[in-house]
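The basis for the numbers below is simple: all heavy atoms, side chains too, and nothing from hydrogens, waters or symmetry mates.
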Amino acid sequence: MLDQLKRKEARVDLLTRIGGPRDLDRLSLEQLERLAEEIRTFLVDAVSKTGGHLGPNLGVVELTIALHRVFESPKDKVLFDTGHQSYVHKLLTGRQDFSKLKSKGGLSGYPSRAESEHDVIENSHASTVLGWADGLAKANEVRKRDDHVVAVIGDGALTGGMAWEALNNIAAAKDRPLVIVVNDNERSYAPTIGGLANHLATLRTTDGYERFLARGKDILERTPVVGRPLYETLHGAKKGLKDFIAPQGMFEDLGLKYVGPIDGHDIEALESALQRAKRFGGPVIVHCITEKGRGYTPALQDEADRFHAVGKIHPDTGLPISTSGLDWTSVFGEEMVKLGHEREDVVAITAAMLQPVGLGKFEEAFPDRIYDVGIAEQHGAVSAAGLATGGLHPVFAVYATFLNRAFDQVLMDVALHRCGVTFVLDRAGVTGTDGASHNGMWDMSILQCVPGLRIAAPRDADQVRAQLREAVDVDDAPTVVRFSKGAVGPAVKAVGTVGAMDVLRTAGTDAPDVLLVSVGALAPMCLEIAGLLDAQGISTTVVDPRWVKPVDEALAPLAAQHRVVVTVEDNSRAGGVGSAVAQSLRDAGVDVPLRDFGIPPVFLDHASRKEVLAEIGLTAPDIARQVTGLVAKLDGRYESTAAVAPVSD
């Protein structure tokens with residue numbers, strides 16, 4: 001065992017000596033190249049044990065080394081867009097314990113201010129870094145600081161509109177220092193698409209005009225009489241020549257100095273380019289060509305996403321160590337293919353996440369009926385409105401947390417125009433390990449105020465299939481179908497219906513105590529709560545509304561037959577389903593105490609879903625205990641008073 005440990009340490013001997021960025025300064029180029037290989041060895045070994053973003057980090061090893069050699073973090077601000085490619089940055093800034101990566105008490109999968117002074121921004125939504133960089137550079141200017149600001153953004157994130165809004169502002173200040181590093185690996189999750197991607201591809205495959213012009217100058221200056229005037233004419237028209245030879249002119253049209261393309265795995269070339277950019281004194285784009293998954297054969301052979309994100313895998317083969325059961329995403333993806341065969345008007349939209357949201361098989365079956373809009377959720381929602389107006393029914397599949405970005409478009413373009421668009425929200429509720437920015441805990445709150453919009457929260461795979469079909473049958477309003485991350489449990493059968501609601505459990509008495517309103521995937525937990533209450537002599541009816549917006553008209557009369565109403569949802573309690581149910585009861589004049597359980601309005605630290613739910617008290621024992629106390633309190637009130645005041649929390 002000791003020999004094994006020594007051999008392992010020898011494989012990352014240089015890395016273990018790096019306690020901070022300045023430790024890189026004393027390394028030779030040969031040592032830096034060896035360090036890059038050690039980092040890749042470390043990443044494959046560590047991330048295969050925990051899961052995480054492997055491919056993106058394997059691609060930025062040399063780039064991150066060069067950044068920390070040229071710039072002086074934390075004085076200089078090095079910012080990462082999205083942040084899933086920050087593992088190498090963590091290693092070089094003194095964080096080399098990856099044993100609990102993305103787990104409670106371990107390192108975050110993204111930059112984290114709580115972890116290090118070297119981490120500046122920690123939100124993991126794409127296309128925001130240039131806005132941050134613009135603000136920080138302006139602050140340096142006002143405060144008269146000589147700090148540098150460096151923004152690292154991938155070619156995928158450049159498909160987002162916010163990035164171009166920021167570029168427009170950055171370019172307005174010709175003498176405000178700001179270095180933009182474009183990490184161009186032709187991919188976000190999957191290969192990057194669109195006009196910008198084509199432009200960057202042209203830059204990758206075209207010799208620079210500088211070398212062309214230099215060769216031309218040498219030849220022309222040796223040509224008698226006409227040579228020098230002709231060279232000067234060409235040089236004076238270099239903008240047009242530049243666009244012809246290497247069309248980086250798109251960036252320079254904005255007023256941004258362009259450097260590149262640079263081999264993103266050549267440390268010496270990277271340092272030279274970054275030093276030039278650092279000295280320039282204005283906004284500069286350094287265009288680096290990198291290879292996602294570099295150095296790891298299983299990642300390079302994965303054409304889908306180059307091991308963008310992996311679970312626990314065997315480090316030698318890249319194969320999963322274990323397989324889980326059927327997951328929510330796959331259920332949706334399979335049903336979409338069936339719908340596609342049945343209805344020619346059904347089309348699909350994804351925002352650079354074809355495989356993660358389960359639309360890969362739909363693309364295979366209907367390549368002409370799927371649209372990848374890039375990291376552009378706002379555009380995707382408006383385009384969906386246009387598709388619907390044109391007579392199609394678009395299904396826009398997106399992570400729940402990312403729909404936040406398109407709220408205005410859902411409200412003013414889709415709902416206002418009564419467009420039949422279905423939004424399918426994957427990773428709804430507590431997702432856990434990806435941390436605060438990836439929990440899908442706001443969708444049912446922010447969408448409650450959208451007139452005409454309907455929200456379905458399926459409790460199991462059967463309901464995903466059924467409610468997706470119900471959603472695409474609506475052609476005069478937006479619909480939303482939201483479901484959780486990971487494996488889907490066994491079917492939860494209904495024992496009856498009230499209105500359009502499914503009854504999952506009857507109280508078994510004519511004078512029931514508690515009406516428990518179960519939302520979505522929490523149905524098994526709600527049935528467990530009912531069992532715990534029953535053991536305390538508290539009779540409970542459990543209903544699944546299925547469609548949580550609008551609130552079913554049958555709910556208020558049903559609530560009036562119970563002493564207490566309890567709602568349980570995997571969404572923020574602020575403005576969520578519980579709030580909507582309470583409003584519905586007030587509107588109907590039903591004066592029954594209501595207690596709503598859900599996610600508190602706080603940002604949740606990364607941990608497993610189970611750990612997060614336990615931490616916020618969203619477990620069957622916690623809820624049953626509180627409901628038992630509430631019923632006991634009501635019993636006391638009934639003994640002493642004739643009327644019962646509503647209880648709120």
Inset, instruction - Could you tell me whether the side chain of N571 and the main chain of G598 form a donor-acceptor pair under 3.5 Å? - result: no
Legend entry - Partners meeting side chain to side chain donor-acceptor pair (under 3.5 Å) with S584 (sequence neighbours left out): none
Legend entry - Side-chain donor or acceptor of D426 paired with backbone N/O of V398 under 3.5 Å: no
Legend entry - Atom pair CH2/CD1 of W547 and I455 - distance to nearest 0.5 Å: 9.5 Å
Inset, instruction - State whether the side chain of K77 and the backbone N or O of A151 hold a donor-acceptor pair below 3.5 Å, judged by distance alone. - result: no
Legend entry - By side-chain contact (heavy atoms from CB on, under 4.5 Å) - contacts of S518 (at least two apart): A523, C526, V542
Inset, instruction - Kindly state each residue pair satisfying ring-ring contact (aromatic ring centres under 6.0 Å, His included) with at least one member in residues 368-388, sequence neighbours excluded. - result: none
Legend entry - Pair listing, salt bridge (charged side-chain N to carboxylate O under 4.0 Å, His left out) test, anchored in residues 381-400, at least two apart: none
Inset, instruction - Report yes if some heavy atom in the side chain of V480 is under 4.5 Å from a heavy atom in the side chain of L447; otherwise report no. - result: yes
Inset, instruction - List in chain and number order the residues that pass salt bridge (charged side-chain N to carboxylate O under 4.0 Å, His left out) with K610, two or more places apart in sequence or in another chain; answer none if no residue qualifies. - result: none
Legend entry - Test log, rule side chain to side chain contact (heavy atoms under 4.5 Å, CB included), inputs I616 and I599: CA-CA 7 Å; I616 62 177; I599 303 171; 4.0 Å; yes
Legend entry - Heavy-atom pair with the smallest gap, counting every atom of D552 and A500: OD2-N, 3.0 Å
Inset, instruction - Just jot down the side-chain contact (heavy atoms from CB on, under 4.5 Å) partners of K338, sequence neighbours excluded, or say none. - result: E335, E342, R469
Inset, instruction - Might you confirm whether atom CD of E553 has over 12 heavy atoms from other residues, nucleotides or ligands at distances under 6.0 Å? - result: no
Legend entry - 4.5 Å side-chain heavy-atom contact, V424 and V357: no
Inset, instruction - Report yes or no: does K174 contribute a side-chain atom to a donor-acceptor pair with the main-chain N or O of A171 at less than 3.5 Å? - result: yes
Inset, instruction - Compare all side-chain heavy atoms of V347 with those of L387 and state whether any distance is below 4.5 angstrom. - result: yes
Inset, instruction - Provide the closest heavy-atom pair for V464 versus P458 in the form atom of the first, atom of the second, distance. - result: N-CB, 3.5 Å
Legend entry - Lys/Arg N to Asp/Glu carboxylate O, R459 vs D544, below 4.0 Å: yes
Legend entry - Working for side chain to side chain contact (heavy atoms under 4.5 Å, CB included), residues N183 and V60: CA-CA 8 Å; N183 171 32; V60 297; 3.4 Å; yes
Inset, instruction - For E569 and G576, indicate whether the former's side chain and the latter's backbone hold a donor-acceptor pair under 3.5 Å. - result: no
Inset, instruction - State, with a plain yes or no, whether a side-chain heavy atom of F332 is found less than 4.5 Å away from one of R465. - result: no
Legend entry - Contact list for residues 123-142, test ring-ring contact (aromatic ring centres under 6.0 Å, His included), sequence neighbours left out: H125-F402
Inset, instruction - Find out whether L411 and L416 are in side-chain contact, i.e. whether some heavy atom of one side chain is under 4.5 Å from a heavy atom of the other. - result: no
Legend entry - Any S127 side-chain heavy atom under 4.5 Å of T159 side chain: no
Inset, instruction - Flag yes if more than 12 heavy atoms outside K361 fall under 6.0 Å of its NZ atom; otherwise flag no. - result: no
Just list the side-chain donor-acceptor pairs under 3.5 Å for residues 471-479, sequence neighbours left out, or say none.
{"unit_1": "D473", "atom_1": "OD1", "unit_2": "R343", "atom_2": "NH1", "d": "3.2"}
{"unit_1": "T479", "atom_1": "OG1", "unit_2": "T422", "atom_2": "OG1", "d": "2.8"}
{"unit_1": "T479", "atom_1": "OG1", "unit_2": "A471", "atom_2": "O", "d": "3.4"}

Legend entry - Between CZ on residue F366 and CG on residue D368, distance to nearest 0.5 Å: 11.0 Å
Inset, instruction - Return the minimal non-hydrogen interatomic distance between P283 and A173, and the atom names on each side. - result: CD-O, 3.3 Å
Legend entry - L136 and L79, any side-chain heavy atoms less than 4.5 Å apart: yes
Inset, instruction - Just jot down the side chain to side chain donor-acceptor pair (under 3.5 Å) partners of Q463, sequence neighbours excluded, or say none. - result: R546
Inset, instruction - Say whether N169 and E165, considering side chains only, have a donor N or O and an acceptor N or O under 3.5 Å apart. - result: no
Legend entry - Euclidean distance, T401 OG1 relative to L425 CG, rounded to 0.5 Å: 10.5 Å
Legend entry - Check: D184 main-chain N/O paired with H287 side-chain donor or acceptor under 3.5 Å: no
Legend entry - Residue list, side-chain contact (heavy atoms from CB on, under 4.5 Å) with T431, at least two apart or on another chain: R427, H438, N439, K485
Legend entry - Heavy-atom closest pair, residues A348 and M336: CB-CE, 4.0 Å
Inset, instruction - Could you tell me whether R418 atom CZ has more than 12 heavy atoms of other residues or ligands within 6.0 Å of it? - result: no
Inset, instruction - Spell out, as yes or no, whether a donor-acceptor pair under 3.5 Å connects the side chain of Q448 to the backbone of S445. - result: no
Inset, instruction - Report the distance from atom CD1 of I370 to atom CG of L359, rounding to the nearest 0.5 Å. - result: 4.5 Å
Legend entry - Sole candidate of D502, L515, L504 that passes side-chain contact (heavy atoms from CB on, under 4.5 Å) when paired with V543: L515
Inset, instruction - Before giving the answer on side chain to side chain contact (heavy atoms under 4.5 Å, CB included), spell out for V517 and V566 the whole-Å C-alpha distance, their side-chain angles and the decisive distance to 0.1 Å. - result: CA-CA 6 Å; V517 180; V566 173; over 6 Å; no
Inset, instruction - Specify the closest pair of heavy atoms between R573 and D596, including all atoms of both residues, with the distance to one decimal. - result: NE-O, 3.0 Å
Inset, instruction - Could you tell me which non-hydrogen atom of Y110 sits nearest to which non-hydrogen atom of G83, and how far apart they are? - result: CD2-C, 3.6 Å
Inset, instruction - Can you measure from CG (N404) to CD1 (I446) and round to the nearest 0.5 angstrom? - result: 4.5 Å
Legend entry - Those residues that, when tested against K102, pass salt bridge (charged side-chain N to carboxylate O under 4.0 Å, His left out) (two or more places apart): D434
Inset, instruction - Look only at the side chain of Q85 and the backbone of D81, and say whether a donor-acceptor pair between them is shorter than 3.5 Å. - result: yes
Inset, instruction - Without swapping roles, check the side chain of D327 against the backbone of A487 for a donor-acceptor pair under 3.5 Å. - result: no
Legend entry - salt bridge (charged side-chain N to carboxylate O under 4.0 Å, His left out) partners of residues 398-415, not counting sequence neighbours, each pair once: E377-R405
Legend entry - CA sep, side-chain torsions, deciding dist, call: D119, H89, side chain to side chain contact (heavy atoms under 4.5 Å, CB included): CA-CA 9 Å; D119 291 3; H89 164 75; 2.8 Å; yes
Legend entry - Any T389 side-chain heavy atom under 4.5 Å of H417 side chain: no
Inset, instruction - Could you tell me whether a side-chain N or O of E122 sits under 3.5 Å from a main-chain N or O of R113, the two making a donor and an acceptor? - result: yes
Inset, instruction - To the nearest 0.5 angstrom, please state how far the CD1 atom of I170 sits from the CD1 atom of I180. - result: 4.0 Å
